[in-house]
Amino acid sequence: MRKWKVSLLVVVSFVLLFMTACSNSEKSSSDKKKLQFFVSGDNVEGAALATMSKKYTEETGVEIEVVDVPFSDMATRITNMVQAGNPPALARTAEFNPIWSDSLADLSSTLKDKNVREDLAIKDDGKIKAIPIDFTAVGLFINKDLFDKAGVKYPTSGDDVWTWDEFVSALKMVTEKTDAKYGMVMDQSEHRLSTLLYQFGSKGFYEENGKYTTNPETKKGLEYFVKLNDDKIMPKAVWAAGEDPSSMFKSGQVAAYYSGVWQVKDFEKNIKNFEWASVQMPYETVRSTNFGGNYMVKFEGSGVEKETQKFIDWLYTKENYEELAGLGGYLPVVQDAEVDYGVGDAGTHAYEVYNEEINSTAKVAAKSKSERDTMQLTSEKIANNVLRDNMIKTLNGEQSIDDTIKTVEQKYTDAYVK
């Protein structure tokens, strides 16, 4: 009888120890933190963030689940998650929704401590709701072989920049002396068109006396743009019908391409049939590029806010950010960053040109970007691509430039004036 009691005691003790061990194991497993990081990017930009996230996991043991979300779905998907009370930990995004505002954490400490560009940050209610993670700028690429074959010179420094008329004359000479089909192409993008407008002295569209307006230089720039779309200098089909300008340039039949820094790594890898180069853009009254890029946002309510902040601060630390920017081909937003892009001579020169363009650009570019993106977060209505869509109508003969300007002013007023 005593043996049976002793045996029973041993068995019960063993079972209790086993259950406790299992319970502790499950608790340990469930306590392991995982940060859900929403990213929208190609196999260069997205892959750069995935690589750095993996590095952080290896260093800290904290798992970063990088979720690749199509750009067109990002804002909608996050909005639905915020409304359901289950937001991701953080996201890299270029679009916002006012519903996010109360859920976005203040990133002021990262902005200050990591020397991030404040002029590109999004502010709301006195807080920094989003900080730039990557930075893009508009720029000009040329088919160097065509220019050299035609004996036409192009800028080689910021001290030797075309006016727009000089640039157009150069394009005409290239097309006349070579087999180039067109002088230039420009992305069907409001962002690219606005760059040309800034170069003509436009201040963009801005609020004044309770409504949106613009200055006369905007009309001058738009008139010039319409004249460029003559199927000689520029193929009308790109803007009027949506043909792909990048493919046209890569074919070797176009002398110049008005696009941006995001093309550099692709061109380095994939253009084999001619030599290309980045050169300074033309100007009319002022030199200017236009700014773009994505933001880093952190959400309250994810349950891993402290861990997320540690990851963000790690990512923006100078050494880590330099690695990220090099992998992704980003222009840096950490102001003392020195980036090695690992590219050849053409790519290295391209990044030098872009930095020179940025340092010479009109202040309206940064101001307009910050205001435009802040509006996405603070306004119930959005007026995206209004200028682009109405200029397409102008190029197709459906309305005048004056009507386009009036429509843009009214759409902005309806969306953004409270």
Side-chain angles (χ1 to χ4, degrees), residues 94 119-120 132 134-142 154-155 158 161-168 170-171 183-206 214-229 233-234 238-239 245-246 249 254-264 278-294 331 350-351 353-373 384-392 394-395 401 404-405 408:
D119 59 337
L120 299 175
D134 52 79
F135 178 38
T136 62
V138 175
L140 182 65
F141 299 95
I142 64 166
Y154 46 84
V161 181
W162 282 307
T163 64
W164 263 100
D165 284 347
E166 289 171 343
F167 175 51
V168 170
L171 295 178
M184 68 173 284
V185 286
M186 177 191 287
D187 296 332
Q188 191 201 57
S189 162
E190 188 167 307
H191 188 243
R192 254 61 93 223
L193 176 58
S194 294
T195 309
L196 180 150
L197 300 183
Y198 296 154
Q199 291 161 353
F200 272 74
S202 170
K203 296 179 181 179
F205 290 85
Y206 50 89
T214 190
N215 58 326
E217 285 75 10
T218 298
K219 182 177 179 179
K220 292 179 182 178
L222 292 176
E223 289 173 337
Y224 200 92
F225 178 68
V226 170
K227 291 179 181 178
L228 291 175
N229 282 267
I233 297 300
M234 288 179 65
V238 170
W239 264 75
S246 180
F249 180 70
V254 180
Y257 182 24
Y258 209 85
S259 188
V261 67
W262 53 89
Q263 302 281 7
V264 172
S278 283
V279 299
Q280 283 76 8
M281 286 181 289
Y283 74 101
E284 185 66 16
T285 59
V286 295
R287 289 188 63 190
S288 185
T289 182
N290 199 8
F291 299 149
N294 292 271
L331 294 172
Y351 286 111
V353 170
Y354 276 101
N355 283 314
E356 195 273 332
E357 292 271 41
I358 290 165
N359 292 334
S360 303
T361 206
K363 291 183 179 180
V364 66
K367 182 174 181 291
S368 294
K369 174 176 170 52
S370 179
E371 289 179 351
R372 180 177 64 249
D373 292 342
N384 285 340
N385 296 317
V386 178
L387 177 60
R388 182 200 67 185
D389 294 346
N390 278 273
M391 276 308 295
I392 291 172
T394 297
L395 290 170
I401 290 175
T404 286
I405 292 173
V408 174

Quick one: does [X]'s side chain have a donor or acceptor within less than 3.5 Å of a partner on [Y]'s backbone?
X	Y	result
E190	R388	yes
H191	F291	yes
D119	K363	no
N290	R192	no
T289	T361	no
S288	Q199	no

For [X] against [Y], the heavy-atom pair lying closest together:
X	Y	answer
P155	V161	CG-CA, 4.3 Å
W162	A170	NE1-CB, 4.1 Å
L120	A366	CD2-CB, 4.5 Å
V353	S278	CG2-O, 3.7 Å
G183	L171	O-CD2, 3.3 Å
G201	N215	O-ND2, 3.0 Å

For the [atom1] atom of [X] and the [atom2] atom of [Y], what is their distance to the nearest 0.5 Å?
X	Y	atom1	atom2	result
T218	I401	OG1	CD1	11.5 Å
I392	L387	CD1	CG	10.0 Å
I142	F167	CD1	CZ	9.0 Å
M281	W164	CE	CH2	9.0 Å
T285	Y198	OG1	OH	13.5 Å
L331	Y351	CG	OH	7.0 Å

Just wondering, do [Y] and [X] contact through their side chains at under 4.5 Å, heavy atoms?
X	Y	result
L140	P282	yes
I233	M184	yes
L222	L193	yes

Checklist entry - When the ring planes of W239 and F225 are compared, do they come out parallel, tilted or perpendicular, using 30° and 60° as the limits? => result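 Correct class here is perpendicular.
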Item to check | Ring geometry between F141 and F249 (parallel below 30°, tilted from 30 to 60°, perpendicular above 60°) | outcome: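 Answer is tilted, since the angle falls between 30° and 60°.
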Item to check | Trace of the side chain to side chain contact (heavy atoms under 4.5 Å, CB included) decision for Y206 with K367 | outcome: CA-CA 11 Å; Y206 50 89; K367 182 174 181 291; 5.6 Å; no
Next on the checklist: Run the side chain to side chain contact (heavy atoms under 4.5 Å, CB included) test on F135 and V261 for me, step by step, so that the C-alpha distance in whole Å, both residues' side-chain angles and the decisive distance to 0.1 Å come before the verdict.
Outcome noted: CA-CA 9 Å; F135 178 38; V261 67; over 6 Å; no
Item to check | Working for side chain to side chain contact (heavy atoms under 4.5 Å, CB included), residues L196 and M186 | outcome: CA-CA 10 Å; L196 180 150; M186 177 191 287; 4.2 Å; yes
Next on the checklist: Using the rule given for side chain to side chain contact (heavy atoms under 4.5 Å, CB included), can you reason through V408 versus T214, listing the C-alpha separation, both sets of side-chain angles and the distance that settles it, and then say yes or no?
Outcome noted: CA-CA 10 Å; V408 174; T214 190; over 6 Å; no
Next on the checklist: Between T195 and Y258, is there a side-chain donor-acceptor contact under 3.5 Å, judged purely by atom types and distance?
Outcome noted: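 Judged by distance alone, the side chains do not pair up.
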Item to check | Residue pairs fulfilling salt bridge (charged side-chain N to carboxylate O under 4.0 Å, His left out) with at least one residue in residues 278-292, sequence neighbours excluded | outcome: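 For residues 278-292, and leaving out neighbouring residues, the salt bridge (charged side-chain N to carboxylate O under 4.0 Å, His left out) pairs sorted by first residue read R287-E356, R287-E357.
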